[in-house]
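Values below: every heavy atom of this structure, side chains too, minus hydrogens, waters and symmetry copies. Below, chain A is the first sequence line, B the second, and so on; all start at residue 1.
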2 protein chains.
Amino acid sequence: MDRRVTKKGDDASGKERPTLKTLAFMTGLGVTTVSRALKDAPEIGAETRRRVQLVAKQIGYRPNRAGVRLRTGKTNVISLVLNTEHELMSFVSDIIYGVTEVIADTPYHLIVTPYSRSQDPLDPVRYLVETGSADGVIISRTQPNDPRARYMLEHGVPFATHGRTDMGLVHPYHDFDNYAFAGEAVRALAAKGRSRLALVTPPVGLTYFRYTVNGFADALSEVGASEVPFNTVSIDHTIEQIRMRTAQLMRRDDRPDGIVSSAAAATLAVVAGIEDAGLKLGRDVDVVSKQSSEVLHLFRRELLVVNEDFRLAGYELARAVLGWIAGKEPGSLQSLSKPSEVLPYRG
Amino acid sequence: MDRRVTKKGDDASGKERPTLKTLAFMTGLGVTTVSRALKDAPEIGAETRRRVQLVAKQIGYRPNRAGVRLRTGKTNVISLVLNTEHELMSFVSDIIYGVTEVIADTPYHLIVTPYSRSQDPLDPVRYLVETGSADGVIISRTQPNDPRARYMLEHGVPFATHGRTDMGLVHPYHDFDNYAFAGEAVRALAAKGRSRLALVTPPVGLTYFRYTVNGFADALSEVGASEVPFNTVSIDHTIEQIRMRTAQLMRRDDRPDGIVSSAAAATLAVVAGIEDAGLKLGRDVDVVSKQSSEVLHLFRRELLVVNEDFRLAGYELARAVLGWIAGKEPGSLQSLSKPSEVLPYRG
DNA sequence: TTGGCAATCTGTAACGTTTCAGTATACTGA
DNA sequence: TCAGTATACTGAAACGTTACAGATTGCCAA
């Protein structure tokens, strides 16, 4: 059964969605001419061009995506690949808004491609590339040696990563300067007289784990503070795990008097753990935490925060992918965002 | 310029993505037969069918989406329409995961269609329908008389709403029972001896505003408590506004001794406002709040919470749209989820 | 033997777009 | 006047799929 109820043919009857054929009929031109006129091809007369574009605007012509895609292979789709277990809530929401802000006045659509714990992170990317489902891909949870980035480079698919890689390969990325963040955090704690510091790290294996750990370590020796190892958790752990292990840590004699936390959700658990151990934030221990929305100062005024803007990340990542698709040099599409100062609660 | 590097023709050379033509050549059958064999059409011999499907699986055939879409109009796309300013962070993240969980083993893709404050909420929906960009649509922020639902019904586009409508029209929805929530919240406060209650409402104009307000009012008279009007804010307001106005409210002589809050983010602000006014949670005032992830008890142990599961919402909404697309009765695709009990902090 | 019919299979056209290889017209220079 | 050429346009083919309208075969009843 055909899906259309009425034939279109050459009549200009009202209801059907206009196609190039409709425009060709209305203007008395050929389909080819109309197609070229709409994309400002040079061999079309100036008047004809204007006329076609006027009519097209009037009747609200929009190119059929399936037609374009079938003929050219261009999907006009950007895919955001997300881990359904380990992404931060605020990350998902904000990065999507950042991306959509950029593609709002382009023909691009955003599709969300999920993968779960059990899957190889390469799976969704392979799917996208094999089926040609997207013109560009955005991935997060980037690793120093990232198979997904390597795969897409090999297959010539434009992409951008949230976080850098370290494979000697050039590609667009946006990253938050976690080395600077950890350093600033340590210095802020040192300025408060704290000298025995622990770090709640990003997930081991991701690139920004290294940057964070290095920034932390370098600043420690710079200010002459020492590290209290806290390797049993990362921000990928559950609230309960972090809370419990923080409480354990804080009950030890050699407990830290300062903690640096890489994510707001983890910080909630850390503070709960501190209080479980009967200690008081700001008196017995200070905590510096990253956050992506202004919640931590409502939570505890004593917290010191550094802001990371995920909407900006989405914005930059989308611009980077689109830039690559448009032919710009991948190496010119890399950006690093500097952390804010370490901010205390302000009235 | 053609996008392909090598001709395909009749040779079975390796690199190109297989199409029906490839399968036809390999099996020695016609393209039509292959097409029908793959979708289990009745007029294909049992052995042929098995043979075709085996070969298809072997070489990893996947139908070209553009081809199908062009020919049939079927997009295999579900669109989630989101407001970029007013959705809750956790809502965006969780509902997306709920939806993707359902469509994971279907051919469907999820596209996110955003709209901003300045736009008519009907705009994105109109775009989707006019361009035929999706087989099904999910919308949130549903109103009693919702132009978007009406529009899609008129145009025969399957959709599901997060929240009910009240137009005498039947369509799939998933909703949280906010009437029950508000009622339970009031009863819990009454059980704690609170009798002068205020409500932080959902956004005025959305359907669940009404349900919440009615549940609140009915329970108030049931338990013999009175309402302290707090109409100056809703959960759509900024953290700062809610905090400031809560502080104002709590400094008045006739301040409430119990507050019901419709969202976790607002609750953070409410508590901050309470403390700004020099009052203490649990002593001077109790607060019952909805939340969609386990954060509030980390925030303040004195809070009473009710959980709303947005991932479930995404799951149910996706199932509903797919069901409608598959031909089920819209009226049979409606679900309401009951609130949990009102939960105090538990060790 | 023949007509009828069921069971399988097939070619063609069409969806809307872009590209290729033209064609028609007017203008140029000698 | 005429070839040569730039300008402006056009039809046909192709992308991969499905629907329609056959085509071929074998079998059975008359």
Side-chain angles (χ1 to χ4, degrees), chain A residues 1-10 16-52 56 59 61-76 107 130-133, chain B residues 1-10 16-52 56 59 61-76 107 130-133:
Chain A
M1 189 186 48
D2 230 327
R3 76 181 189 282
R4 344 203 55 142
V5 179
T6 59
K7 292 278 162 47
K8 174 143 34 81
D10 276 351
E16 292 292 333
R17 187 148 97 93
T19 71
L20 287 182
K21 207 151 120 192
T22 320
L23 281 178
F25 176 71
M26 293 181 71
T27 55
L29 296 164
V31 199
T32 305
T33 310
V34 173
S35 172
R36 314 198 77 151
L38 287 177
K39 44 177 55 65
D40 289 318
E43 60 267 69
I44 301 297
E47 196 203 310
T48 307
R49 198 205 320 277
R50 273 189 294 111
R51 196 158 62 89
V52 171
I59 67 175
Y61 168 77
R62 289 167 184 280
N64 179 303
R65 312 189 117 235
V68 175
R69 181 164 171 179
L70 181 57
R71 175 64 233 235
T72 65
K74 181 132 215 268
T75 62
N76 285 306
E130 282 176 359
T131 60
S133 289
Chain B
M1 190 185 48
D2 231 327
R3 75 180 190 282
R4 345 202 54 140
V5 179
T6 59
K7 291 279 163 48
K8 173 147 29 84
D10 277 351
E16 293 292 332
R17 186 147 98 93
T19 69
L20 288 182
K21 206 150 120 194
T22 319
L23 281 178
F25 176 71
M26 294 180 72
T27 54
L29 296 164
V31 190
T32 304
T33 310
V34 173
S35 171
R36 316 199 75 155
L38 288 176
K39 42 176 59 65
D40 288 316
E43 59 267 70
I44 303 296
E47 195 202 310
T48 306
R49 198 208 319 277
R50 273 189 293 111
R51 196 158 60 89
V52 170
I59 66 175
Y61 168 78
R62 290 167 184 279
N64 180 303
R65 314 189 114 234
V68 175
R69 179 165 172 178
L70 182 56
R71 177 63 234 236
T72 66
K74 181 132 215 273
T75 61
N76 284 307
E130 282 176 359
T131 60
S133 289

**Student:** When you check the phosphate oxygens OP1 and OP2 of D/dT18, does a side-chain N or O of B/S35 lie under 4.0 Å from one of them?
**Tutor:** yes
**Student:** Which pair of non-hydrogen atoms, one from B/L38 and one from B/A56, has the smallest distance, and what is that distance?
**Tutor:** CD2-CB, 3.8 Å
**Student:** Taking for each residue the nucleotide of DNA chain C with the nearest heavy atom, is it B/G67 or B/E43 whose nucleotide lies nearer the 5' end?
**Tutor:** B/E43
**Student:** So if I apply the side-chain contact (heavy atoms from CB on, under 4.5 Å) rule between A/Y61 and each of A/V52, A/T22, A/L20, which one comes out positive?
**Tutor:** A/L20
**Student:** I'd like to know if the side chain of B/T33 reaches the main chain of B/L29, judged simply by a donor and an acceptor atom lying under 3.5 Å from each other, with no hydrogens or angles considered.
**Tutor:** no
**Student:** For B/L23 and C/dT10, what is the distance between atoms CG and P respectively, to the nearest whole Å?
**Tutor:** 13 Å
**Student:** Please determine whether a side-chain nitrogen or oxygen atom of B/T72 lies at a distance below 4.0 Å from atom OP1 or OP2 of D/dA19.
**Tutor:** no
**Student:** Determine whether B/N64 and B/R17 satisfy the following criterion, side chain to side chain contact (heavy atoms under 4.5 Å, CB included), listing intermediate values before the conclusion.
**Tutor:** CA-CA 9 Å; B/N64 180 303; B/R17 186 147 98 93; 4.0 Å; yes
**Student:** Once you round it to whole Å, what is the distance between P of C/dA14 and CG of A/L70?
**Tutor:** 16 Å
**Student:** Under 3.5 Å, which N/O atoms of the protein pair with N/O atoms of nucleotides 10-14 of chain D?
**Tutor:**
residue : atom : partner : partner atom : Å
D/dT10  : OP1  : A/G30   : N            : 3.3
D/dT10  : OP2  : A/G30   : N            : 2.5
D/dT10  : OP2  : A/T33   : OG1          : 2.5
D/dG11  : N7   : A/T32   : OG1          : 3.2
D/dG11  : O6   : A/T32   : OG1          : 2.7
D/dA12  : N6   : A/T32   : OG1          : 3.4

**Student:** Could you tell me whether the side chain of B/T27 reaches within less than 4.5 Å of the side chain of B/R51, counting heavy atoms only?
**Tutor:** yes
**Student:** Rounding to an integer number of Å, can you tell me how far A/D40 CG sits from C/dT18 C1'?
**Tutor:** 16 Å
**Student:** Check the distance between D/dT17's P and B/K39's NZ and give it to me in whole angstrom.
**Tutor:** 9 Å
**Student:** Tell me whether the OP1 or OP2 atom of D/dT17 has a side-chain N or O from B/Y61 closer than 4.0 Å.
**Tutor:** yes
**Student:** Output the rounded distance in Å from CZ (B/R69) to P (D/dT17).
**Tutor:** 15 Å
**Student:** Measure CG/B/L38 against P/C/dC9 and give the value in whole Å, please.
**Tutor:** 13 Å
**Student:** Tell me the closest heavy-atom pair linking A/D40 and A/R49, and the distance in Å.
**Tutor:** OD1-CD, 3.0 Å
**Student:** Return the value, rounded to whole Å, for the distance between atom CD of B/E16 and atom C1' of D/dC15.
**Tutor:** 12 Å
**Student:** Rounded to the nearest Å, what distance is computed from the CG atom of residue B/L20 to the P atom of nucleotide C/dT12?
**Tutor:** 17 Å
**Student:** Heavy-atom count check: over 12 atoms from other residues, nucleotides or ligands less than 6.0 Å from B/E43 CD?
**Tutor:** yes
